[in-house]
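Chain letters run A, B, ... following the sequence lines, proteins first and then strands; every chain starts at 1.
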There are 2 protein chains.
Amino acid sequence: MSLYTIAQASEEVDLTPYTLRYYEKEGLLPNVTKDSAGRRKYHDDDLQRIGFIKCLKGTGMSLKQIKEYGDLYEKGKAKFKERNAMLEEHREKILQEIKIQKKYLKMVEAKIEMKI
Amino acid sequence: MSLYTIAQASEEVDLTPYTLRYYEKEGLLPNVTKDSAGRRKYHDDDLQRIGFIKCLKGTGMSLKQIKEYGDLYEKGKAKFKERNAMLEEHREKILQEIKIQKKYLKMVEAKIEMKI
DNA sequence: TCTTGACTTAGAGTTAACTTTAACTGTTAG
DNA sequence: CTAACAGTTAAAGTTAACTCTAAGTCAAGA
């Protein structure tokens with residue numbers, strides 16, 4: 001299959017239809033097409049894009065910044081440098097965050113072991 | 001030093017005075033005392049507690065749940081089992097989250113390398 | 001043909017976690 | 001003594017990210 005209704009796409013990416021429409025309204029999904037009756041049709045490309053949005057969001061990037069990244073993406077090669085710079089900066093942020101999570105994990109484990 | 005004004009505590013734990021008062025209002029800091037003029041005095045215990053609140057919050061626990069944990073903590077030994085069960089469950093959540101973060105990190109790195 | 005159900009929109013409502021405001025009080029430096 | 005300052009409270013305001021409602025459209029099955 002290569003085309004999805006909003007319900008199917010929703011199922012596929014594990015986001016509600018509300019959220020998918022919201023993301024589109026916010027400009028994060030500029031390429032979702034509609035059929036003759038005005039209903040959204042999601043392509044595999046859209047699902048992949050949503051997958052990457054979830055990745056960025058899941059690592060703490062705001063929708064506003066994700067839109068900025070997406071806007072650069074739409075401009076293609078011309079904005080490649082800027083776009084990759086964003087990703088590289090974000091990569092550092094994720095690495096930092098993993099470090100912090102590991103530190104916090106140790107704190108929780110210490111508290112568990114403390115038995116007080 | 002062993003006693004801190006709200007400004008000093010704020011500095012120490014890197015949270016605004018607003019946030020410290022907010023946490024207290026929400027019942028997360030039940031042991032903050034006041035001086036004769038009604039001003040908050042933070043003890044080392046309070047700062048430690050705030051530190052652990054930051055740990056729980058930083059690993060995705062809601063203030064509501066953190067309060068539940070704190071309430072169990074206040075009940076001492078009687079609620080030790082429940083309390084530790086919460087922490088052990090949370091530990092699993094953190095481990096899961098670190099896994100997801102690592103997966104997302106790889107996705108971002110792949111995108112960087114993709115150069116498209 | 002009628003109804004059911006999945007969709008559409010614009011806009012309102014919700015939630016968590018702060019953050020600020022307004023009005024006030026007590027302490028301290030000049 | 002007084003002005004500035006650091007704190008106090010209750011309550012209102014803010015923000016991000018949804019989430020839902022209301023009113024309507026369209027296509028497909030009995």
Side-chain angles (χ1 to χ4, degrees), chain A residues 1 3-43 46 49-70 90 93 97 104, chain B residues 1 3-43 46-47 49-71 90 93 97 104:
Chain A
M1 216 194 308
L3 284 180
Y4 306 78
T5 64
I6 197 165
Q8 291 163 340
S10 157
E11 174 82 7
E12 206 70 31
V13 301
D14 198 30
L15 291 174
T16 69
Y18 295 138
T19 305
L20 290 179
R21 289 192 203 98
Y22 172 68
Y23 281 3
E24 194 178 330
K25 191 168 62 178
E26 294 301 302
L28 273 65
L29 299 171
N31 301 320
V32 175
T33 56
K34 308 228 177 131
D35 69 11
S36 57
R39 283 173 306 209
R40 287 170 179 78
K41 279 292 168 192
Y42 292 84
H43 299 249
D46 297 319
R49 185 166 184 144
I50 294 164
F52 198 58
I53 288 170
K54 286 186 74 174
C55 161
L56 295 177
K57 192 173 165 291
T59 46
M61 193 183 282
S62 70
L63 294 188
K64 190 180 157 171
Q65 272 194 101
I66 295 172
K67 177 175 159 40
E68 277 172 42
Y69 172 78
H90 191 58
K93 205 180 132 190
E97 189 55 31
Y104 283 157
Chain B
M1 219 194 305
L3 284 179
Y4 307 77
T5 64
I6 197 165
Q8 290 164 340
S10 158
E11 174 83 8
E12 206 70 30
V13 302
D14 197 31
L15 291 174
T16 70
Y18 295 138
T19 304
L20 290 179
R21 291 192 203 99
Y22 172 69
Y23 282 2
E24 193 177 331
K25 190 170 64 179
E26 293 301 302
L28 273 64
L29 299 171
N31 302 320
V32 175
T33 56
K34 307 230 178 129
D35 69 10
S36 58
R39 284 172 305 207
R40 287 170 179 78
K41 279 292 169 193
Y42 293 84
H43 299 248
D46 297 318
L47 300 198
R49 185 166 184 144
I50 294 165
F52 199 58
I53 288 170
K54 285 186 75 174
C55 161
L56 294 177
K57 190 170 168 296
T59 46
M61 193 184 281
S62 69
L63 294 187
K64 191 181 157 171
Q65 272 193 101
I66 295 172
K67 176 174 161 39
E68 277 173 42
Y69 172 78
D71 288 350
H90 191 59
K93 206 180 131 188
E97 190 56 30
Y104 283 157

Does the side chain of A:Y23 get closer than 4.0 angstrom to OP1 or OP2 of D:dC18 through an N or O atom?
yes
Under 4.0 Å from a heavy atom of chain B: give me the 5'-most and 3'-most nucleotides of DNA chain C that qualify.
C:dA17 to C:dT27
Do [X] and [Y] make a side-chain contact, defined as non-hydrogen atoms from C-beta onward lying under 4.5 Å apart?
X     : Y     : value
B:K57 : B:L63 : yes
B:Y4  : B:D46 : no
A:T5  : A:K41 : yes
B:I53 : B:V13 : no
A:F52 : A:I66 : no
B:T33 : B:L3  : no

With sequence neighbours excluded, tell me which residues meet side-chain contact (heavy atoms from CB on, under 4.5 Å) with B:T59.
A:Q101, A:Y104, B:H90, B:I94
Once you round it to whole Å, what is the distance between [atom2] of [N] and [atom1] of [X]?
X     : N      : atom1 : atom2 : result
A:Y22 : D:dA17 : OH    : P     : 6 Å
A:L20 : D:dA17 : CG    : P     : 16 Å
A:I50 : D:dC18 : CD1   : P     : 12 Å
A:I6  : D:dA27 : CD1   : P     : 18 Å
B:E11 : D:dG7  : CD    : P     : 12 Å
B:Y18 : D:dA12 : OH    : P     : 17 Å

Position toward the 5' end of DNA chain D (nearest nucleotide), A:L15 or A:A37
A:L15
Taking the nucleotide of DNA chain D with the closest heavy atom to each, which residue, B:K41 or A:K64, is nearer the 5' end?
B:K41
Step through the shown structure and confirm whether more than 12 heavy atoms of other residues, nucleotides or ligands are within 6.0 Å of CD on A:E11.
no
Crowding at CG, B:D35 (>12 non-hydrogen neighbours, <6.0 Å):
yes
For a quick check of understanding: with a heavy-atom distance under 4.0 Å over all strands, which category does A:R40 fall into, base, sugar-phosphate or nothing?
sugar-phosphate
Please figure out whether B:R21 or A:A7 has its closest DNA chain C nucleotide nearer the 5' end.
A:A7
When A:K25 and A:R39 are each assigned the nearest nucleotide of DNA chain C, the 5'-most assignment goes to A:R39
Within residues 28-36 of chain B, the residues having a heavy atom closer than 4.0 Å to DNA chain C are none
